[in-house]
Participant: 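Have a look at this one.
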Amino acid sequence: MLACLGLIFMTQWMLLVAQMFGDWQCTNWTQESPISNLTLNWRRMELSWQSSKNFPNYHCIVDTGSQYRKKEVENRLCRFKVEDSLLLYRGAVFTIEVPNTNISKICTFIPEGRNGSAVENFSCVIYNISLMNCTWQAGRNAPGDTQYFLYWQNSR
């Protein structure tokens, strides 16, 4: 019974976390970086940031898994081709690096999707504490090719 309550709590927590981090997930928490506040204007494909130190140039990188772009810029604004925004539908990893140093900031862009495309009628049934069967329906406004994934992570 306690395991069932734990699984229910975990699925509710996963849904809450997914809602809280719908846009950016920034990593590099362990290393202090002078680079902060990465902002993506995905319609204009502009990445901007702040830095507590002045550096002569930066490397600006976007990696979508299928495409990789790297640019060198002298200010805190990086522009990619607008047509590259079509590749962001699956998400992308943006990296700002200071050349010849170990200073960087990495952020993962996770697209939110359109309003009404979130999963509806989500429920899970647990059998014998060893099998969980979850079902859901696509959101009312979800495009026909939308795919949803449920991930399980065993925790202590």
Side-chain angles (χ1 to χ4, degrees), residues 1-33 35-51 58-71 76-97 103-156:
M1 181 65 174
L2 190 57
C4 292
L5 290 175
L7 290 173
I8 292 168
F9 171 76
M10 186 204 66
T11 56
Q12 296 302 315
W13 181 82
M14 285 188 322
L15 292 173
L16 176 64
V17 169
Q19 291 169 3
M20 287 172 42
F21 294 108
D23 211 3
W24 280 99
Q25 264 185 328
C26 292
T27 59
N28 206 1
W29 302 111
T30 56
Q31 175 190 3
E32 285 296 319
S33 175
I35 300 169
S36 63
N37 297 333
L38 273 72
T39 305
L40 174 67
N41 179 333
W42 61 270
R43 287 189 176 99
R44 297 182 68 179
M45 282 303 287
E46 291 180 346
L47 183 63
S48 60
W49 60 92
Q50 295 176 351
S51 178
Y58 300 88
H59 287 159
C60 189
I61 302 163
V62 61
D63 185 357
T64 64
S66 61
Q67 298 271 336
Y68 180 89
R69 305 272 193 267
K70 183 175 183 177
K71 298 180 82 169
R76 296 180 192 123
L77 178 69
C78 187
R79 289 187 181 99
F80 294 97
K81 294 178 182 177
V82 174
E83 48 271 17
D84 288 341
S85 66
L86 296 174
L87 302 173
L88 295 182
Y89 74 99
R90 295 182 118 178
V93 176
F94 290 90
T95 305
I96 305 300
E97 297 176 339
I103 297 172
S104 66
K105 188 69 171 183
I106 301 169
C107 281
T108 303
F109 172 74
I110 302 172
E112 288 185 12
R114 50 171 102 139
N115 287 337
S117 65
V119 166
E120 297 177 354
N121 299 324
F122 178 85
S123 67
C124 292
V125 178
I126 301 168
Y127 301 95
N128 296 331
I129 306 178
S130 61
L131 177 66
M132 182 169 70
N133 183 30
C134 297
T135 59
W136 59 84
Q137 293 176 335
R140 292 178 302 272
N141 298 331
D145 63 348
T146 299
Q147 296 181 13
Y148 300 99
F149 299 93
L150 176 64
Y151 295 94
W152 166 266
Q153 181 177 353
N154 195 8
S155 64
R156 298 175 187 199

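One-based numbering along the sequence shown.
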Participant: Is there a side-chain contact between Y58 and I96 in this structure, where contact means two heavy atoms from C-beta onward sitting under 4.5 Å apart?
Facilitator: yes
Participant: Please identify each residue that fulfils side chain to side chain donor-acceptor pair (under 3.5 Å) with N133, with sequence neighbours left out.
Facilitator: none
Participant: Testing the basics here: between Y148 and G139, what is the closest heavy-atom pair and its distance to 0.1 Å?
Facilitator: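 Answer, listing the atom of Y148 first, then G139: OH-N, 3.2 Å.
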Participant: So E97 and I61, do their side chains get closer than 4.5 Å, heavy atoms only?
Facilitator: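 The answer is yes; the side chains approach within 4.5 Å.
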Participant: Can you tell me if S33 uses its side chain to pair, donor with acceptor, with the backbone of I103 under 3.5 Å?
Facilitator: no
Participant: Please list all pairs passing the salt bridge (Lys or Arg N to Asp or Glu O under 4.0 Å) test where one or both residues lie in residues 131-143, with sequence neighbours left out.
Facilitator: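 Every pair satisfying salt bridge (Lys or Arg N to Asp or Glu O under 4.0 Å) with a residue in residues 131-143: E120-R140.
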Participant: Side chains of R76 and S48, heavy atoms from C-beta outward: is any pair under 4.5 Å?
Facilitator: no
Participant: Could you check whether any side-chain heavy atom of I106 comes within less than 4.5 Å of a side-chain heavy atom of F94, counting everything from C-beta outward?
Facilitator: no
Participant: I'd like to know if the side chain of N128 reaches the main chain of S130, judged simply by a donor and an acceptor atom lying under 3.5 Å from each other, with no hydrogens or angles considered.
Facilitator: no
Participant: To the nearest 0.5 Å, tell me how far L47 CG sits from L77 CG.
Facilitator: 8.0 Å
Participant: Side chains of L38 and K105: does their closest heavy-atom pair fall under 4.5 Å?
Facilitator: yes
Participant: Is there a side-chain contact (heavy atoms from CB on, under 4.5 Å) between N37 and W49 once you walk through the steps?
Facilitator: CA-CA 5 Å; N37 297 333; W49 60 92; over 6 Å; no
Participant: For the SG atom of C78 and the CE atom of M45, what is their distance to the nearest 0.5 Å?
Facilitator: 9.0 Å
Participant: If the condition is side chain to side chain donor-acceptor pair (under 3.5 Å), which residues does N41 pass it with, not counting sequence neighbours?
Facilitator: none
Participant: Side chain of K70, backbone of C60: donor and acceptor closer than 3.5 Å?
Facilitator: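 Pair absent, no side-chain N/O of K70 close to backbone of C60.
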Participant: Could you walk me through whether W136 and L150 satisfy the side-chain contact (heavy atoms from CB on, under 4.5 Å) test, starting with their C-alpha distance in whole Å, then the side-chain angles of each, then the deciding distance to 0.1 Å, before giving a yes or no?
Facilitator: CA-CA 10 Å; W136 59 84; L150 176 64; 3.9 Å; yes
